[in-house]
Structures are given as structure tokens and as C-alpha cells.
Amino acid sequence: MLDKAFDPRTAEPRLYAAWEKSGAFAPGGEGAPFTIVIPPPNVTGSLHMGHALNNTLQDVLCRFERMRGRSVLWQPGMDHAGIATQMVVEREMAKRQEPKRTEIGREKFLEKVWAWKAESGGAIIAQLKRLGASCDWSRTRFTMDEGLSAAVNKVFVALYREGLIYRDKRLVNWDPKLVTAISDLEVENTEVSGHFWHFKYPLENGESYQFPTAHDENGEPTAWETRDYISIATTRPETMLGDGAVAVHPSDKRYAPIVGKRCLLPLADRYIPIITDDYPDPDFGSGAVKITGAHDFNDYKVAIKHDIDLFILMDERARMLDAKYIPAKYRGLDRFEARKQIVADIDERGLLIKVEDKKIMQPFGDRSGVVIEPMLTDQWYADAEKLSLKAIAAVETGKTRFVPENWTKTYYQWMRNIEPWCVSRQLWWGHQIPAWYGPDGHYFVAETEEEAIREAIIRYTAEGYTVEEIDAMMRGEGEGPLLVRDEDVLDTWFSSALWPFSTLGWPEGDSSFPSPSGRGARGEGPAGEAAVLRPQTGDPLPWPLPHRGRGEDSASLLHNHYPTSVLVTAHDIIFFWVARMMMMGTHFMKDVPFRDVYIHALVLDEKGQKMSKSKGNVIDPLVLIDKYGADALRFTLAAMAAQGRNIRLSEARVEGYRNFGTKLWNAARFCEMNGCVFDPAFDPQSARETLNQWIIHEAGKAAGEATAALEAYRFNDAAGAIYKFTWNVFCDWHVELTKPILMGADGLAKAETQKATAFVLTQIMKLLHPFMPFVTEELWRGTAERDGALIVSSWPTAPEFSPAEKAADEINWMIGLITAIRSTRAEMNIPASAKIPMLVIAAAPATAARIDAHKELIARLARLEPVSVAPSSPKGAVQIVHEGSVYALPLIGVIDIAAETARLGKEIEKCAREIEAIDKKMSNASFVEKAPPEIVDENRERRIAFAERREKLAAALAQLSSA
RNA sequence: GGGCGCGUAGCUCAGCGGUAGAGCACUACGUUCACACCGUAGGGGUCGCAGGUUCGAACCCUGCCGCGCCCACCA
């Protein structure tokens, strides 16, 4: 017996544990592999709406394809999230008043991070399970586990040897709070209100020139003033101490007299040249730009081009440096303090022309929220431009496809303008760069320290060191050890870029690469999360355990599942992740990492704003799951996941779909109460009853729509098709229409209807399972003895449903008739409880036959008693025209003649309007001529139908008024 | 400055060339033993505005008005 209602709170964890234990999540189908790698959530992460949507869609696809018999691998894992994790642990340490990271040292700190991970990291995995995600958790990977770390090393070394990774000194985005370089993508440019300071830089030797102050309409100067300075403007006065030149545009006549001369850099008391370059815009500011090569990306380019001196002004925390070229009074000041002081000092010297308020774009670190400082440092770079070529070509040639397609444009735009990727970070938590420095500053890039040492020995031997000298250095005598490892770690996205193949065992499974020394590619980190992730229960399985899992080793795993089938992600990560995976995949695997990239919406709040903690508008998916169940949340997200649109989530919607689950549950209870038990021997093709043929036909239509929609990633359409069929066809009509049969005496018809109904209910469970896995699985077991779990059952396919157009037409006609009668009853204010007689007026033989066949049902559902036949309508009866036939409700004396007259009049008018519209079309010669014939025919037919209807209505009206 | 997208029922959104749709909310009525997390019936839209293409436009094109997002070095 099914319970009165489905209780997600108790059922969901139980069902999930059973699935997991049965091995259903492991690849095992006989069909072609279907593979998705999860966008690895941060170890520090907890489930938010974005995750909920992202993983719901992946799970829908996985469950769908699994049921279609494919060998589904949904590869799960987590990202070590360098900066985020390091920040979390440091914060924890601060809270406990423990010594700082820098005090305890790298090794101790990393131990703490691993300990933190073991204890509180990865909470999101349990949350994904609550959502119902059918990942193969036995294969959970972590970007810092041994196998993935080996892959990272291998890739770094390989790229280095190919010249695609190099060390370089150039301007980087420096985060002075986190004290690390970050990539362009981690910088958020935000408009803030700032100031525009105009300074005078006096000319050398008191020189002066005539500067035009007024112009005529032709732009010719009409007035001049004598200037002994050049006017520059800046939004960052503190950087002036590092100016190496002032630049003007070569065409700017105003400054022509002083080009090539020098001006005094105030405060710094240096002279700098006035040069020309195309970069300054004569119409902006004063037209003259100070060139601060070491603290501005534009200036840097100009400085390099003209070989202008670069002055590094700040230390790693953006405090003014203790340097000769910086006046003593500014040294050690924070950059913003220095700014104030410098402006004050310039002003004091009478060199401040004016200060304007101005909106300026300012770069902020996306994690620290602090103003980013361009800094000249040594960093490791990947040659993104070279790596992008194959990645771009792969999309151009269609080897990888974006869905929706318009995201390809975004991808191209970024890829085609790509800058070198700064991959080093001055952090501790991450993959330490496999580079070792010798005492002479030369570095050796190698996968292991031993290898680096070997290379070093070769090099230093060649340079003429004796074996003894090298040996002495090796033992760390004198200056210290021969080689010192680079302290930096790699950008977190570096390891993420390898995710689609590193998680599948690369480089082990790739014969073109030698295996990394010793280690298994499936190694776990020190935390041993395997024990945490696997269920501990010893409960017997509620269903027989199917044989699943091919026992793939890493070689066949990589071979079978790469390229992966589809990547499901949000657009905000195309650059960070998708692009980088494309680069690394095409380079190392010689094939794209995924065939399709499905870009889904962002989940916003009801007002369309991004959810954020600071705004306090976060809807917690776990709260919704608690309240409505995971199924309801999943269905809502899928139903709203229309392509190319953001999702504004409202709780009412979730509630509505929770109700849908309950509706299905109750339909199943109805079936149970009426002996509709699934019979595997039932052949839907064999159904004889019109009703059964009809519902099987309709179920087939819904299945077809759902399948086509899922194949095209139209999740909302698939959800919609299933919803409508389940509620508006199966529950609203089939259940009602079968009641007399099911509740009647035994018979062949009853037996068939029971089986057909159970069959269709089973199909619904299957179709709905990817969206609502929990209720459907519970019903699957609760409604019949079955061989296996629903999760590993088969997806409905066309041959299971016999098309039955004729039966469908007949039942749909009946539904229309019943609806029309009900509608009229309501309009006439006939009490729902009242049973009234109905006369079928002079029906055509076909209609008469249909009436005859379904008289009881029509009577029951439209509350009629009796239904009989008459040659004409009695006077004063309410008359209904439906598909060319007239039905009369003889309620003489009961009905309001005036109201009925009005009703008929309104309907006639409606017909007239339609006819008029069609006539207008048809009388247009070019319509008949140019429109497709089927459209023209359709209009002709509609015109006939409406005309007939109008005629019948008119006759009814005439009869009424003659009464 | 470039790119992408959105303005359709009170709200949240589908539809994207041939008869305007869903969920929620709303109104009326509820006889029935699957379900009140329900049933039946209903109200509600000149599909942002203006042009154009077309036999035909919510849908295609152009412009405008509002809104959002992404990229970009105007010091």
C-alpha cells in the first residue's frame, strides 16, 4: 500500500543510499559511452542555486542517457581553490588566535590546510547527493590528489619544453592584499567616483612656449598664452614619482614647440623627456600623458617602445618603496597615503592646476576586493595565443559546439584577443611549480627534483665546475643547497584546465605519455575522502542488484570517455574554464575535451538580481529541498531552464511543482486502489479499447516530445511535455474516463484497462525520472514487483506505443464535447450537483455512433441524465454546437431566456469575426497564390467549420426566440 | 567604445513567420470513494514604440525608448 503522501524527508536519503550502493551510478550500460565531467565545486563551497541548476541539468542528462542504455560516467570531484581555501584556513587560524601562516612556515601551514579539508572541506558533496546527483562517487577526484598533481607537473614540464610556458618580467595585476599576482580574468573593473588632478610639469631651464587658448571655427588658434610648463592630468598622482616621460600625439601642434625638450618631474626632481606617441588623445585632458611604465599597462607599452626608464614604486603590499628615486618622506607610505601627500605637496608648490571629479574605471581583485596594482614582476606565463589556435579551430570546424550557439561569439572574441596567461601565484596552497633554481639563478624545469638535479649537474659540469664542487654544493655546504624550488604555485585554473582528461586517469591511460613515476592515478589526498564519501550502511538493498560496471581500467576509461559528451556550465566561466580546457585538451589529447558545451542560465532572485550574501537575497537550495523536496526544486529549475535566458526563481513555482509530484503520487494511489498493476507481459500494441488506445497514443506523443527536447537540451520543453501529459491528459481525463470501467464488474475491458493504465503510469515514471528521481523511484517500487530499479530501467521508445489516430480523434472529440457541456452548464448557472437531460439533435451517423459508444461516460462526466436522441430541439432549450452537431439541454422554465439569447449572440459574433478574418485573407488574391497550399486549405476548412457552427447557432437562437 | 541579451496576462516566464500559452495569483461554483498540495468553469494581453520586408509579423529587418550582462587602456 502506498502511503497517503510521499514524504521526501525520509524517502530521499533512503532512495539515494540504495542507488549509490547498487552501483547504479557507475558506467555500465551496453550502449555508447556518455560522459560528463562535473564542474568541480570548490572544496570550500556549499551548494547555491547555481550549483543546484547546473547539477540538476547534468543529472537529467545522465539519468536520461543511462536509461537509454548508454554507459554513463558522470565524473565528480572538487577543486582545491587556491586563494579561496588559503583565505578560509587563514581566517580560521586568526579566529583561534593561532600564529600566522608566515610564522609557522609553508610545510606546517599546508598540513593545516589538509587537516581543514579532511574535517570541513567538501561539504558540498553531501549537498549534491541531497539534490539527487547520480555521480560515480567512487571515482571522486580532487585537483590536488596525487594523480592530478602528476598530470599538472607533466603538463607544465611539457609546455615548458615546447616553449609554451616561459618565465618573464612584465607588468602583472598585483593584489596587494593577497600578495600575489592574478590573471586578467580575476580582475573586476568597476566604475567608481575618483578625481582627475591636473599638474604642471615645469620645462627645463625655464623655457617657455606659446600655448593656444582659443580657436576659430576652423580650429585655427586665435589667442595664446605663454607657458613655461606642460599640463598633465592623472587619476593616480602617487604614480608620478615613477614617470619616465611625458607623451603627446605627434599631430598635436600645441606641443610641437616643446617636443624633444625636457620637463621637471616635480617632487622627484628628475628631468624627463617630452616625446611623441600615437597613444595620447589630443582631445582628452590636456592631450599630454605622463608615462609611468612600471605602474600602468598602457604606459608600459609606450615605455617599452621608446625605451623609457621604468621605476618600480611600491612593495608587495603597495607601500611606497625605500628607493633612491623616491623622496624619503614618501617611503613606506601606503599608496593612498602617498597620494594625499603628493597632491598636497604639488599644491604647495603652486603646480596644481585643478582637480575634477570624475568617474573612473578601477580594477579590483575579485577575491580580495582591493584595488589592483600593476606591478613589474617575474612570473610564469603560458603562451595562450599559441594554445588558442587549435582551440579556436575546433569550434570553427564544429568539433565542439556551443548550445545555445550564440556563445561561440563570446568564445571567439576572447580567444582571438587573448593575452599571455600568468599562471604563477604567490600562494602556498596549490600545485607548486616544478622549477628549481641554481645558485646562478638558472632554473631547471622538471617533473621531479631528482630530474632537476640531474639536469643541473649536466649543465654545471658543462660550465666547468668540478665534480667535487658540484657535490659540495649538492650537500648544501657553503651557500646552501644547489637547487631551490620555486616557491610559487600555479593558478587554480591550471589544474582545472586538465580536468576532462586528468580525472580520467591521464597521463596513465595515454600510451603516448610515459607513466609518472610509480603512483596510481586514482590516488587520494592525505584526507582519505573515500571513507567519507561512501555509505556506511549495511542495509539490504530494496531491489535486486543488477550487474553494472565494466571494471574499466584507467587506459580504457580515458579511451572510452574522452572526448566527453557534453560540458554543462554557466556563461560566467567560459573564459576561466571552458577556453582553457579547450586549449589543454586540443594540445595534449589531440582532441576536444567535449563535443557540446551547454551553457545554462544564471539563477537570479525574483527581481532579476544576482544572488549575493551582501545583498541578502540568497535563496538556499537546501532550504527549498527541506521544504518541498529535491524533486520539486529540480523540476522547477529544469522547467525554467529555457535556453538563453536567466532564471528568476520564485518559491511559488517550486510549490507548484511540488504539488505536481503529489498529483502523480495520488494518481498512482488511484491505480493501486483499482487494481492497475504493471504487467510486464502486457503488450500495449494489443489494446482493443478505444480509451486505452487513446491514452497509449497520447503517452507516445509525450514521450516523443520529451525525448526530442532532451536530445536538443531543451529541458523546459521536455519538462513541460511530461507535465502536461501527466496532469492534463492522464490525471484529468484518463483517470476520470476509466473510472466506470475500473469500478465496474469484472470483464475483459476492465482487465485491459487496468494493465494499460498501469503501463502508462509506468511510462510516466520513466519519463519523469530524470527530473523527479525520488518520487518516481519510490513509486516504481511501491506499485509493482520489478526486476531492477527505475534508475537503470529503459527509456520509453516509439515502438512501445502504437499510434492510434482514430481512437485519439474519437476520445479527443468526446473530451471536447464534455468540456463544452460543462462550460455551458457553468454559464447557465446550473448547479454542479444537478443532473440534467440532454438531447442529441439529428446527429450524423458517425457522431451518433460515437455518442452511442460513449454515452455513459459523457453522461457521467457532464452530469447528464438521461442522454437521448431527438429530431429537433424543443422550444426554449439551451443548445450547444460542437463539431457540427447540436445538443440541447431542455430546461424549459429554468433558464433565463434573455441570458441564453445573449450567450448565443456572443458565440455567433465570435464565429462571425473569425469568418470575417478568414474571408479577408481568402479574398486577397496574393494570399491564395503565394501562401503554401496547406495553409490555404486549412483556412478553407476553418471557414467551413465556422460557417456551419454559425448556422447552427443562428438556428438555435431562432428557435429560442420563437418560444 | 565593442559584444551579447531582454522588454508577451497582476507576478515569474514559454512561444520566435500562419487560430496568443504555462505556473502562481485572481473570480465563481464544488456533486464523485486518487488527490483541497484538489476538481470544474471563468476573467485577464492593441506581445515596449515607430517604420520596413512578407499574401501574412509577438516572431524577420531597421531605428528609437527602457533594462541587464560581458569585454575594453581614454591618462
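Every chain is numbered from 1, with letters handed out A, B, ... down the list of sequences. From a predicted model like this one, the values you see are computed outputs, not experimental measurements.
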K.L.:
For the side chain of A/K930, starting at C-beta, report the closest nucleotide among B/rU12, B/rG3, B/rC55.
P.N.:
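Comparing B/rU12, B/rG3, B/rC55 against the side chain of A/K930, the answer is B/rC55.
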K.L.:
Atom CD of A/E191 and atom P of B/rG1: how far apart are they, to the nearest Å?
P.N.:
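Atom-to-atom, A/E191 to B/rG1, this comes out as 13 Å.
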K.L.:
Can you tell me which nucleotide in B/rU12, B/rA75, B/rG23 comes closest to the side chain of A/P280?
P.N.:
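From the listed options, B/rA75 comes nearest.
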K.L.:
Can you tell me how far C1' of B/rU40 sits from CG of A/N829, to the nearest Å?
P.N.:
13 Å
K.L.:
What is the distance from OH of A/Y411 to P of B/rC71, rounded to the nearest Å?
P.N.:
17 Å
K.L.:
Using a cut-off of 4.0 Å on non-hydrogen atoms, how would the nucleic acid contact of A/K358 be classed: base, sugar-phosphate, or nothing?
P.N.:
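If one applies the 4.0 Å heavy-atom cut-off, A/K358 turns out to touch the sugar-phosphate alone, with no base involved.
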K.L.:
Are the aromatic rings of A/Y598 and A/Y713 close, with centres under 6.0 Å apart?
P.N.:
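Yes; A/Y713 has its ring centre under 6.0 Å from that of A/Y598.
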K.L.:
Please figure out whether A/F297 or A/Y723 has its closest RNA chain B nucleotide nearer the 5' end.
P.N.:
A/Y723
K.L.:
Between B/rC74 and B/rG56, how far is it from one C1' atom to the other, in whole Å?
P.N.:
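Between the two C1' atoms, the distance is 50 Å.
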K.L.:
Please determine which of A/F715, A/Y657, A/F774 meets the ring pair (Phe, Tyr, Trp, His ring centres under 6.0 Å) test together with A/F635.
P.N.:
A/Y657
K.L.:
Taking the P atom in each of B/rU8 and B/rA50, what is the distance between them to the nearest angstrom?
P.N.:
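One P to the other, the span is 16 Å.
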K.L.:
Any idea which of B/rG3, B/rU31, B/rC55 is nearest the A/K409 side chain?
P.N.:
B/rG3
K.L.:
Roughly how many Å is it from CG in A/L861 to C1' in B/rA41, rounded to a whole number?
P.N.:
15 Å
K.L.:
Compare every heavy atom of A/L310 with every heavy atom of A/A303, then report the nearest pair and how far apart it is.
P.N.:
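For A/A303 versus A/L310, the nearest heavy atoms are CB-CD2, 3.7 Å.
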K.L.:
Between B/rC29, B/rC71, B/rG18, which nucleotide gets closest to the side-chain atoms of A/A832?
P.N.:
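Closest nucleotide among those given: B/rC29.
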K.L.:
Quick check: closest heavy atoms across A/Y255 and A/S286, and the distance to 0.1 Å?
P.N.:
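It is OH-O, 2.6 Å.
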K.L.:
So which atom in A/W733 and which in A/N728 form the shortest heavy-atom distance, rounded to 0.1 Å?
P.N.:
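Shortest heavy-atom separation between A/W733 and A/N728 comes out as CD1-O, 3.3 Å.
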K.L.:
Hunt down any stem RNA chain B takes part in, defined as 3 or more consecutive Watson-Crick or G-U pairs whose two distances are each under 3.5 Å.
P.N.:
B:1-7 with B:65-71, B:10-13 with B:21-24, B:26-30 with B:38-42, B:48-52 with B:60-64
K.L.:
Take atom P in B/rG3 and the same atom in B/rC16, then report the distance between them in whole Å.
P.N.:
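After rounding to an integer number of Å, I get 26 Å for this pair.
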K.L.:
In whole angstrom, give me the gap between the C1' atoms of B/rG44 and B/rC35.
P.N.:
28 Å
K.L.:
To the closest 0.5 Å, what do you measure between CG (A/L53) and CG (A/L57)?
P.N.:
4.5 Å
K.L.:
Can you tell me how far P of B/rC4 sits from CH2 of A/W414, to the nearest Å?
P.N.:
19 Å
K.L.:
Reckon A/G629 touches a base, only the sugar-phosphate, or nothing at all at heavy-atom distances under 4.0 Å?
P.N.:
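No contact.
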K.L.:
Looking across every strand, which nucleic acid part, if any, lies under 4.0 Å from A/T636 by heavy atom: base, sugar-phosphate, or nothing?
P.N.:
nothing
K.L.:
Whole angstrom is fine here: how far is it from CD in A/E934 over to C1' in B/rG56?
P.N.:
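Taking atom C1' of B/rG56 as the reference, CD of A/E934 is at 14 Å.
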K.L.:
Between A/R949 and A/F946, is NZ or CZ placed under 6.0 angstrom from the six-membered ring centre and within 45° of the ring axis?
P.N.:
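So A/R949 doesn't make the cation-pi contact.
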K.L.:
A/N939 CG to B/rU19 P: how many Å, rounded?
P.N.:
9 Å
K.L.:
Can you check the distance between B/rG1 and B/rG63, where both ends of the measurement are the P atom (answer in whole Å)?
P.N.:
15 Å
K.L.:
When you compare B/rC13 with B/rG7, how far apart are their C1' atoms, in angstrom units rounded to a whole number?
P.N.:
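Pairwise C1' distance, B/rC13 against B/rG7, rounds to 12 Å.
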K.L.:
Grab the CZ-C1' distance between A/F715 and B/rA22 for me, whole Å please.
P.N.:
20 Å
K.L.:
How long is the gap from CG on A/L633 to CD1 on A/I625, to the nearest 0.5 Å?
P.N.:
5.5 Å
K.L.:
Please state the C1' separation for the pair B/rC70 and B/rC55 - nearest whole angstrom.
P.N.:
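After rounding to an integer number of Å, I get 42 Å for this pair.
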K.L.:
Looking at every strand, decide which applies to A/R863 at a 4.0 Å heavy-atom threshold: base, sugar-phosphate, or nothing.
P.N.:
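Base: the residue A/R863, judged by heavy atoms under 4.0 Å, touches a nucleobase.
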K.L.:
Roughly how far apart, to the nearest Å, are B/rA58 and B/rG48 at atom P?
P.N.:
10 Å
K.L.:
In Å, rounded to the nearest 0.5 Å, how long is the span from NE2 of A/H571 to OG1 of A/T569?
P.N.:
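Result: 10.0 Å between the selected atoms.
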K.L.:
What pair of heavy atoms forms the shortest contact from A/F670 to A/M743, and how long is it?
P.N.:
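Shortest heavy-atom contact: CE1-CE, 4.1 Å.
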K.L.:
Between the side chains of A/R942 and A/E938, is the shortest nitrogen-to-carboxylate-oxygen separation below 4.0 Å, so that they form an ion pair?
P.N.:
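Answer for the salt bridge query: no.
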K.L.:
Side chain of A/F927 only, please: which of B/rG23, B/rG18, B/rA75 is the nearest?
P.N.:
B/rG18
K.L.:
State which of B/rC74, B/rG23, B/rC55 makes the closest approach to the side chain of A/N924.
P.N.:
B/rC55
K.L.:
Does the side chain to side chain donor-acceptor pair (under 3.5 Å) test come out yes or no for A/K724 and A/T726, once each step is laid out?
P.N.:
CA-CA 5 Å; A/K724 279 188 193 135; A/T726 303; over 6 Å; no
K.L.:
What nucleotide among B/rU31, B/rA41, B/rC4 has an atom nearest to a side-chain atom of A/S823?
P.N.:
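Side chain of A/S823 sits closest to B/rA41.
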K.L.:
I want to confirm an ordering. Mapping A/G285 and A/R860 to their closest nucleotides on RNA chain B, which one lands closer to the 5' end?
P.N.:
A/R860
K.L.:
Using a cut-off of 4.0 Å between protein heavy atoms and nucleotide atoms, how would you tag nucleotides 33-39 of chain B 5' to 3' with B, S and -?
P.N.:
-BB-BSS
